[in-house]
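These numbers were taken from a predicted model, which means no experiment stands behind them. A note on names: the letters A, B, ... follow the listed sequences, proteins ahead of strands, and every chain is numbered from 1.
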Amino acid sequence: MPEGHSVHRLAKQFGSVFAGEQLAVSSPQGRFAAGAALLDGGTLLSALAHGKQMFLRFDGDRVLRVHLGLYGAWSFGGDATFRGASSIGAPRRVGESEQPTGDAGASTYAGPPEPVGAVRVRLVSPHGWADLRGPTACEVITAAEEQAARARLGPDPLQPDSDATVFVSKVTSSITPVGVQLMNQAVIAGIGNIYRAEVLFLQGINPWRPGKQLRDDEAGGIWADTVRLMKDGVREGRIITTTPEARNGRPKRSAPNYVYKRTGEPCRRCGTPILTAEMAARNVYWCPQCQAD
DNA sequence: CGGTTATGTATAG
DNA sequence: TATACCTAACCGC
């Protein structure tokens with residue numbers, strides 16, 4: 001998926017283009033017909049991202065909980081109030097940016113297009129539309145259930161009131177490798193496979209090191225760098241972790257990351273070939289020199 | 001056109 | 001640890 005930064009961009013977008021609007025909700029694909037009927041005609045009050053989950057709060061104690069999973073994505077279109085709205089979700093290539101959607105920001109908006117492909121949910125306001133494809137989770141819950149779902153998540157580096165000490169104490173109290181813990185959404189909410197690899201490289205920490213062997217300041221460094229990287233991700237709409245110097249003058253898209261998906265290629269800092277291994281069913285990447293342990 | 005791949009998670013065993 | 005979920009782009013034939 002789409003790591004946490006994408007979900008925060010989505011929540012912002014829903015808040016700016018749909019909040020306060022009455023929405024027609026449907027499920028062109030049919031798999032969400034019952035849930036769509038519950039929401040149809042409701043007014044969107046607010047949108048919130050916590051980690052990789054998004055909560056769209058409607059009036060009448062109705063909340064649409066969406067988790068994009070590995071392949072989910074939203075696309076948008078509409079009149080001038082939708083200017084800048086992009087398709088946000090699972091990119092298909094490393095470093096890919098969000099794609100402008102068909103008629104987002106059109107000066108003459110004539111309503112939503114015929115649904116293309118498997119559209120699980122379609123939201124339509126007087127000003128535009130949003131289509132959701134391929135989510136892992138998509139359900140209508142209550143505000144109380146939203147609170148319960150959020151209580152199962154760890155602190156989100158992108159929420160200003162998140163408590164870094166909660167993350168630090170969790171990660172340092174378990175012998176589980178730090179690279180496994182960073183993918184555990186109950187430890188820190190929003191990190192995915194790219195941020196895991198990149199933040200551990202930047203902090204010079206081997207993914208296999210047990211959490212208990214991290215000093216508090218090392219865990220705090222992981223948190224602080226994750227906040228920085230994910231804020232950059234929200235701003236850019238892509239995960240760019242390399243500095244211009246590390247890219248050696250090359251464009252961001254050709255060298256966006258230090259280690260992610262660079263198996264066998266030379267480390268951008270020391271030239272040592274990047275290693276990869278399976279860790280908790282996902283590929284982890286690291287530089288054996290810069291992240292000796 | 002079929003096989004592969006993906007920034008994720010839940011569940012079974 | 002393995003598999004299911006179930007979408008779309010990409011690649012090789």
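Between B/dC1 and C/dC6, the distance separating the two P atoms is 24 Å to the nearest Å. Nucleotides B/dG13 and C/dC5, compared at atom P, are 14 Å apart to the nearest Å. Taking the P atoms as reference points, B/dA10 lies 22 Å from C/dA8, given to the whole Å. Comparing the same atom, P, in C/dA4 and in B/dT4 gives a spacing of 15 Å after rounding to whole Å.
Using a 4.0 Å heavy-atom cutoff across all strands shown, A/Gln29 reaches sugar-phosphate atoms only and no base atom.
If you check the side chains of A/Thr272 and A/Gln289, you find no donor sitting under 3.5 Å from an acceptor.
Per the geometry, CD belonging to A/Gln185 stands 8 Å off P belonging to B/dG8, to the nearest Å. As rounded to whole Å, 8 Å separates atom C1' of C/dA4 from atom OH of A/Tyr71. Rounded to an integer number of Å, the gap from CE of A/Met183 to C1' of B/dG8 is 8 Å. One can place CZ of A/Arg282 at 17 Å from P of C/dT3, the figure rounded to the nearest angstrom. The distance between atom CG of A/Asn193 and atom P of B/dT7, rounded to the nearest whole Å, is 5 Å. Taking atom CG of A/Asn283 as the reference point, atom C1' of C/dT1 lies 15 Å away to the nearest angstrom. Atom CG in A/Leu68 sits roughly 20 Å away from atom P in C/dC5 (whole-Å rounding). When the P atom of B/dT7 is taken as reference, atom CG of A/Leu200 falls 16 Å away, rounded to whole Å.
Between A/Lys261 and the phosphate of B/dA6, there is a side-chain N or O to OP1/OP2 separation shorter than 4.0 Å. For B/dT7, the OP1/OP2 oxygens have no side-chain nitrogen or oxygen of A/Arg196 closer than 4.0 Å. Within the 4.0 Å cut-off from OP1 or OP2 of B/dT7, not a single side-chain nitrogen or oxygen of A/Lys52 is found. Within the structure, every side-chain polar atom (N or O) of A/Arg120 is placed at least 4.0 Å from both OP1 and OP2 of C/dC6. Note on A/His67: every side-chain N or O is 4.0 Å or more away from OP1 and OP2 of B/dG8. Side-chain N/O atoms of A/Tyr195 include none lying less than 4.0 angstrom from OP1 or OP2 on B/dT7.
A/Trp129 carries A/Arg122 over the face of its six-membered ring, with the cationic atom under 6.0 Å from the centre and within 45° of the normal.
The backbone N or O of A/His127 lies less than 3.5 Å from a partner atom in the side chain of A/Ser125, making a donor-acceptor pair.
Ring pair A/Phe167/A/Trp223 is tilted by interplanar angle, where 30° to 60° counts as tilted.
Between A/Arg65 and A/Glu145 there is no salt bridge, since no side-chain N of the basic residue sits under 4.0 Å from a carboxylate O of the acidic one.
Of the candidates C/dT7, C/dA8, B/dT9, C/dT7 carries the atom nearest the A/Arg31 side chain, counting heavy atoms from C-beta on.
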